[in-house]
Number of protein chains: 2
Amino acid sequence: MKKRLTISDIARLAGVGTTTVSRVLNQDPKVKPETRHRVEQIIAEAGYAPSPSARAMRTQRQQVVGVIVSRLDSASEHQAVRAMLQVLEQAGYEVLLMESGFSSDKVAEHLNWLRLRQADGAILFAFSGLALDGQADWQDKLVVMARRYPGFSSVCYDDKGAIGLMLEHLWRQGVRRPAYVGVELRDSTTGQQRLEAYLDFCRAQDIAPHYRLGGLSHQAGLEAARLLLKEQADTDALVCASDTLALGAAKYLQQSGKAATLTGIGNNELLRFLFPAVASVDLGYPQAGTAAARQLLAQIEQGRPIAELALPCRLVSTD
Amino acid sequence: MKKRLTISDIARLAGVGTTTVSRVLNQDPKVKPETRHRVEQIIAEAGYAPSPSARAMRTQRQQVVGVIVSRLDSASEHQAVRAMLQVLEQAGYEVLLMESGFSSDKVAEHLNWLRLRQADGAILFAFSGLALDGQADWQDKLVVMARRYPGFSSVCYDDKGAIGLMLEHLWRQGVRRPAYVGVELRDSTTGQQRLEAYLDFCRAQDIAPHYRLGGLSHQAGLEAARLLLKEQADTDALVCASDTLALGAAKYLQQSGKAATLTGIGNNELLRFLFPAVASVDLGYPQAGTAAARQLLAQIEQGRPIAELALPCRLVSTD
DNA sequence: GTGAAAGCGCTAACAG
DNA sequence: CTGTTAGCGCTTTCAC
């Protein structure tokens, strides 16, 4: 039962004052190099690490940030989270992962909790219906992912660009009657923006739009595919707003024996494995995660102003 | 810019000493009900919450536990984690989720970090090759998931039982030549135990074992299915050691047009959606998570001794 | 350059 | 039952 070392133990061992040790710990330049060296030596030998709580208490900075994802097991969010962890932990922050389950109340709850906990900042994966009303005090220490939110920093994917990219790709491949499997419009990005991109394309190419909007589940994708192909049998491609929907649509194509080029968005691993022919768009999740984490750090550490970031996307296809 | 309230602010507002407020905060019974009531009133009105750092510093209890998963986006681990979060957060603990990526070094790193951070405990999802050597000080505050580890508490799934259950089910359905898609033996649970259960069954029914061991990926499942069916075309069932493998095997069956009853383990949602005919075994992930969290809390809060827990499993089938 | 000393907000003796 | 007091381990004036 060895007692934990304190700063004064180190001070005594090094024959200096606690102040000096503290200065070494905090990279304060006002320490003679040789003194610094000796102290560092002792610290390393003793395996000493300063108490985060004591430090936090003194400085009022917890070195803690919360990351609120919608689902912990979402493959796309996970990619972004992994990148965030890298940046934030590197910077000495503790990361508290929490799950919203697409509930605005749950977000408020988590945010309140983080406030009580005096967290230094947070990153929040947005979803349709997200409300950040009584959260004005988070304005300069919160980054919203996946959609813009007035008054807060945000990092967005290129929703319109992704669909546009895909449609142009298909057009080059000879597709002329692409139908669209989308998401309800109350979802502003995956829903509205992606549909809009589809409609824009139809207008530009002068073709009649043909689409279905629904939920985000596999089942929704299957159902939409079924209806679209039933309504217009000459549809030559199903452009899905997400890889999850594409997985559902793929199942329908398979079980019905019908044929159509199928595409998704999200660069999902399982989709690529099961249905390699399905093209997808990589939205740049890791890059988004890195960008969000950096933006947050710059805001809370250097007072950088709020910013709305946008990321480029990239086509993923086997042909 | 309102300053954060402290315990003495509350004490002053309530016209009592800080000790009394502290007692109210800590549910100490030695407070006159009416005093308590008044203090609680003030606390609520002022929206006061005690500083966790100050508290931690004083009590030497951080109210923090780490949870080290192998992959944050693993569906099965996620189910267990969700249940853990529920229990631990309920008990007032902060949960730090970390990822090992199946690396023993990474585990050591995280554990060291948690030690420095003075975390009160940890839950670790085991994997093959896990080594907990220099971690003796974690013995009474660590719970290992998914396999036993001498000297530590653990919560295990019923690996042998799951395969046994499945084989008996198939036998009743008339299956007589079940082949087994397994995992390398250096994985003691998913690998060894499940294979053993298969071999036991073969011995009991006096049939010739026919199996392949490989990795845990979809691709491995596909490959194993291909080889097994090539080697023995009269195989009437492919019993897979996991739903991931089953997904790979399902793809093979589909693309090759061959037929065989297929089963997995893990009750994976996507597998159920894409291939509803595939029976699976529910290993009880949420229950395992709850059990692990409770065990950990009991150990660190009440000194309950180390224990090796085992969970029952349950067949999931559409027929 | 360096150290002594004063707290940060809280809890745990110890008195009343 | 309640208040006074002494720190927990650290950073930060303010002297030297």
Side-chain angles (χ1 to χ4, degrees), chain A residues 1-40 42-43 46-64 92 94 115-120 301, chain B residues 1-40 42-43 46-64 92 94 115-120 301:
Chain A
M1 196 61 212
K2 58 169 180 237
K3 256 184 97 67
R4 203 186 154 86
L5 293 160
T6 75
I7 198 173
S8 41
D9 292 325
I10 301 300
R12 191 159 10 83
L13 286 166
V16 297
T18 63
T19 313
T20 303
V21 179
S22 174
R23 288 204 178 101
V24 170
L25 252 23
N26 294 286
Q27 328 271 28
D28 188 319
K30 293 139 87 76
V31 182
K32 210 196 302 180
E34 47 184 280
T35 315
R36 162 178 309 260
H37 212 72
R38 187 155 38 92
V39 173
E40 280 172 343
I42 303 279
I43 288 179
Y48 162 78
S51 148
S53 339
R55 204 168 216 173
M57 179 152 168
R58 205 39 247 250
T59 60
Q60 303 289 22
R61 296 180 64 231
Q62 311 292 317
Q63 298 279 97
V64 165
E94 204 150 285
R115 186 184 357 254
L116 290 183
R117 196 66 180 85
Q118 305 178 86
D120 302 305
E301 294 189 341
Chain B
M1 196 60 212
K2 58 171 180 235
K3 255 185 99 67
R4 204 183 155 86
L5 293 161
T6 77
I7 198 172
S8 40
D9 292 326
I10 302 300
R12 190 157 13 82
L13 286 166
V16 298
T18 63
T19 312
T20 303
V21 179
S22 174
R23 288 204 178 101
V24 171
L25 253 22
N26 295 285
Q27 329 271 27
D28 188 319
K30 294 138 89 76
V31 182
K32 209 198 303 182
E34 47 184 279
T35 315
R36 162 177 310 261
H37 211 72
R38 185 154 40 92
V39 174
E40 280 171 343
I42 303 279
I43 289 179
Y48 161 78
S51 147
S53 345
R55 205 168 216 174
M57 181 153 168
R58 194 54 243 247
T59 60
Q60 304 288 24
R61 297 179 63 233
Q62 310 294 317
Q63 298 281 95
V64 165
E94 202 152 286
R115 185 181 359 251
L116 290 183
R117 192 66 181 82
Q118 306 177 84
D120 302 303
E301 294 188 341

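Naming: A, B, ... by sequence-line order, numbering from 1 per chain.
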Enquirer: Are side-chain heavy atoms of B/R58 and B/R55 found at a separation under 4.5 Å?
Expert: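 A side-chain contact under 4.5 Å is absent here.
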Enquirer: Base, sugar-phosphate, or nothing: which does A/K30 touch, judged by heavy atoms less than 4.0 Å apart?
Expert: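 Counting heavy atoms under 4.0 Å across all strands, the contact made by A/K30 includes a base.
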Enquirer: Taking only side-chain N and O atoms of B/R55, does any of them lie within less than 4.0 angstrom of OP1 or OP2 on C/dT11?
Expert: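 B/R55 to C/dT11 OP1/OP2: side-chain N or O found under 4.0 Å.
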Enquirer: Figure out the CG/P separation between B/L25 and C/dT11, and round it to whole Å.
Expert: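 After rounding, the reported distance stands at 6 Å.
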Enquirer: Within the structure, does a side-chain N or O atom of B/S22 lie under 4.0 Å from either OP1 or OP2 of C/dT11?
Expert: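 Yes, B/S22 has a side-chain N/O under 4.0 Å of OP1/OP2 on C/dT11.
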Enquirer: So, OP1 or OP2 of C/dG9: does either fall under 4.0 Å of a side-chain N or O from A/Q60?
Expert: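 Checking C/dG9 against A/Q60, a side-chain N or O does come within under 4.0 Å of OP1 or OP2.
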Enquirer: Please tell me which of the listed nucleotides, D/dC8, D/dT11, C/dT2, lies nearest to the side chain of B/R58?
Expert: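 For the B/R58 side chain, the nearest candidate turns out to be D/dC8.
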Enquirer: Is any side-chain heavy atom of A/R4 closer than 4.5 Å to one of B/Q118?
Expert: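 Side chain of B/Q118 against side chain of A/R4, heavy atoms only: contact under 4.5 Å found.
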Enquirer: Is there a donor N/O on one and an acceptor N/O on the other, under 3.5 Å, for the side chain of A/R23 and the base of C/dG3?
Expert: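 Such a pair is found, so the answer is yes.
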Enquirer: Of B/T35 and A/T18, whose nearest nucleotide on DNA chain D comes first from the 5' end?
Expert: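 The residue closer to the strand's 5' end, by nearest nucleotide, is B/T35.
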Enquirer: Looking only at the side chain of B/K32 (C-beta and beyond, no hydrogens), which of the listed nucleotides D/dC10, D/dC14, D/dC1 gets closest?
Expert: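 Selected nucleotide (nearest to the side chain): D/dC1.
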Enquirer: What integer distance in Å separates B/I7:CD1 from D/dG3:C1'?
Expert: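 It is 13 Å, rounded to the nearest whole Å.
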Enquirer: What nucleotide among D/dT5, C/dT2, C/dA4 has an atom nearest to a side-chain atom of A/T19?
Expert: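 Of all the options, the side chain of A/T19 is nearest to C/dA4.
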Enquirer: Can you check the B/I10 CD1 to C/dC10 P distance for me, whole Å?
Expert: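 Rounding to the nearest Å, CD1 of B/I10 and P of C/dC10 are 9 Å apart.
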Enquirer: For B/Q62 and C/dT11, give me the distance from atom CD to atom P, rounded to whole Å.
Expert: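 My rounded result for the distance is 14 Å.
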Enquirer: Mind listing the closest non-hydrogen atom pair of B/K30 and B/R23 along with its distance?
Expert: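 Scanning both residues, the minimum pair turns out to be O-CD, 4.0 Å.
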Enquirer: Return the nearest nucleotide to the side chain of B/T6; candidates are C/dC10, D/dT11, D/dT13.
Expert: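 Nucleotide nearest to B/T6's side chain: C/dC10.
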Enquirer: Distance check needed: C/dG1 P versus A/H37 NE2, whole Å only.
Expert: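 My rounded result for the distance is 17 Å.
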Enquirer: Starting at CZ of A/R12 and ending at C1' of D/dG9, how long is that distance when rounded to a whole Å?
Expert: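 Atom CZ in A/R12 sits about 14 Å away from atom C1' in D/dG9.
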Enquirer: Taking the side chain as every heavy atom from C-beta outward, state whether A/E94 and A/Q63 have any atom pair closer than 4.5 Å.
Expert: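 SC-SC contact between A/E94 and A/Q63 ruled out.
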Enquirer: Using whole Å, report how far CG of B/N26 lies from P of C/dC10.
Expert: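 Value for this atom pair: 11 Å.
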Enquirer: Exactly one of A/N26, A/T20, A/T19 should register a side-chain contact (heavy atoms from CB on, under 4.5 Å) with A/S22. Which one does?
Expert: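 Result for side-chain contact (heavy atoms from CB on, under 4.5 Å) with A/S22: A/N26.
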Enquirer: When the distance from CD of A/Q63 to P of D/dG9 is rounded to whole Å, what number comes out?
Expert: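 Going from A/Q63 (CD) to D/dG9 (P), I get 20 Å.
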